[in-house]
Chemist: 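Okay, handing you the structure first.
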Amino acid sequence: MRYFRPPALLALPLLVASALPIAARADDSAAVQGMLDACYAGSGPCVIDLQGATKTLATTLKVDPELVTIRDVIFQCTMTSGTCLYVSEDGYVGKGRGGAHRLEGVALIGNKSADGITMNYTDSQNYNIDAGMSLFNVKIAGFNHGITLGNNVWGVDMVNVIIGEGNIGIYAEPGTHNSGERSAFIGGTIYNNAVAGVDEESSCEIDFQGVSFDFNAQQMILAGPTSFTGHIENRDTGATEIVLKALEGVPPGSIYMSAGSTITVDEWNASAPKQACYVQTSLSGNNVVVPATLWGFGGKQGAVCGPGTVVTWNGGPANFR
């Protein structure tokens, strides 16, 4: 594989180029926010189905994860700072009716000066609020951070989500409060991001199940325990593909890959590798479990740099040098 292009998402309409430039389109931000606000006020529906429409957003939408579901829409996000969707209980606490809401069949198309979806709740004293929102059949393309996980975000479920063509696919902010308890990314692809597929700076716990990481500049930067079942592919770019960090007072970054997962470095040349190693560790507590199928899992210094503990999928010692 030379260059990855993801398949079209099920249940999402094809994105057809308009004859008008994006800058000339009407700004739909106020109208869509009005629909959301009617839901929050109890005067409008809380399942907003936009029936495949394309809506241009020049300002951020505030989305309450306990109150509203958004379905079947393409959001063209034209802002050049901030975020397209801000998912939060900020300003809405006490209005929740205990619903489990989500984004479903939604595409966000943006630029690298803004973020796609930010989940965050600012109150540092409230341990009962989860600012996370489930995503089903969602495409996020072209942003600085596709998804940003902030304060009071945990247990986020993301099913058949595609994130690509931006800088960082999933970004977990450093120093977050009450965040990081087990989140699951099931199916989908994180591809062609110019900085990293995932940059996790807050010791989050993430499960990647059946996920492809394809041709990101770096695949993963992890500060917490991560389980992975899926496919990892890139060229030998010269960069370490997976970086395991350690933050004070929390479990260090680790990655546990299943036996059936795969690692592939296209056109791998074992006699002239470009990167120092495939995985970089910082202390012995950085645990690495590698899968059975490996092609190009190595580097100038070996497969794994640093003092991290490495075993193969069947529990045996690893010796890749």
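Residues take their numbers from the sequence shown, with the count starting at 1. Atoms considered below: every heavy atom in the structure, side chains included; atoms not considered: hydrogens, waters and symmetry mates.
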Chemist: Tell me which pairs pass salt bridge (charged side-chain N to carboxylate O under 4.0 Å, His left out) where either residue lies in residues 35-60, with sequence neighbours left out.
Modeler: none
Chemist: Can you list the other members of the hydrophobic cluster that holds Leu283, where links are side-chain heavy atoms under 4.5 angstrom apart?
Modeler: none
Chemist: Could you check whether any side-chain heavy atom of Val310 comes within less than 4.5 Å of a side-chain heavy atom of Thr281, counting everything from C-beta outward?
Modeler: no
Chemist: Assess the side chains of Asp123 and His177: does a donor N or O sit below 3.5 Å from an acceptor N or O?
Modeler: no
Chemist: Ile242 versus Ile255: any side-chain heavy-atom pair under 4.5 Å?
Modeler: yes
Chemist: I'd like to check the ring-ring contact (aromatic ring centres under 6.0 Å, His included) partners of Tyr278; sequence neighbours left out, ordered by chain and number.
Modeler: Phe297
Chemist: Could you work out, with salt bridge (charged side-chain N to carboxylate O under 4.0 Å, His left out) as the rule, every residue matching Asp207, not counting sequence neighbours?
Modeler: Arg182
Chemist: Side chains of Glu89 and Asp64, heavy atoms from C-beta outward: is any pair under 4.5 Å?
Modeler: yes
Chemist: Taking all non-hydrogen atoms of both residues, which atom of Ile170 and which atom of Ile163 are closest, and how far apart?
Modeler: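 Shortest heavy-atom contact: CG1-CD1, 3.9 Å.
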Chemist: If a pair satisfies disulfide (SG to SG under 2.5 Å) and one of its residues is in residues 231-260, list it, with sequence neighbours excluded.
Modeler: none
Chemist: Parallel, tilted or perpendicular: which fits the ring planes of Tyr92 and Tyr40, with parallel below 30° and perpendicular above 60°?
Modeler: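 Taking Tyr40 first and then Tyr92, their aromatic rings sit tilted (interplane angle of 30° to 60°).
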Chemist: Checking side-chain polar atoms at under 3.5 Å, does Asp72 have a donor or acceptor matched by the opposite partner on Gln51?
Modeler: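 There is no such pair (donor and acceptor under 3.5 Å, judged by atom type) between the side chains of Asp72 and Gln51.
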Chemist: Quick one: are Cys84 and Met79 in side-chain contact, heavy atoms under 4.5 Å?
Modeler: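 Yes, close enough: below the 4.5 Å cut-off.
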Chemist: Spell out, as yes or no, whether a donor-acceptor pair under 3.5 Å connects the side chain of Asn234 to the backbone of Asn216.
Modeler: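 Yes, because the side chain of Asn234 sits within donor-acceptor range (under 3.5 Å) of the backbone of Asn216.
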Chemist: Check salt bridge (charged side-chain N to carboxylate O under 4.0 Å, His left out) between Glu201 and all other residues, then give those that pass, not counting sequence neighbours.
Modeler: Lys245
Chemist: As an exercise, state the distance from CD1 of Ile263 to NE2 of His231, rounded to the nearest 0.5 Å.
Modeler: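 Answer for the CD1-NE2 pair, Ile263 versus His231, is 10.5 Å.
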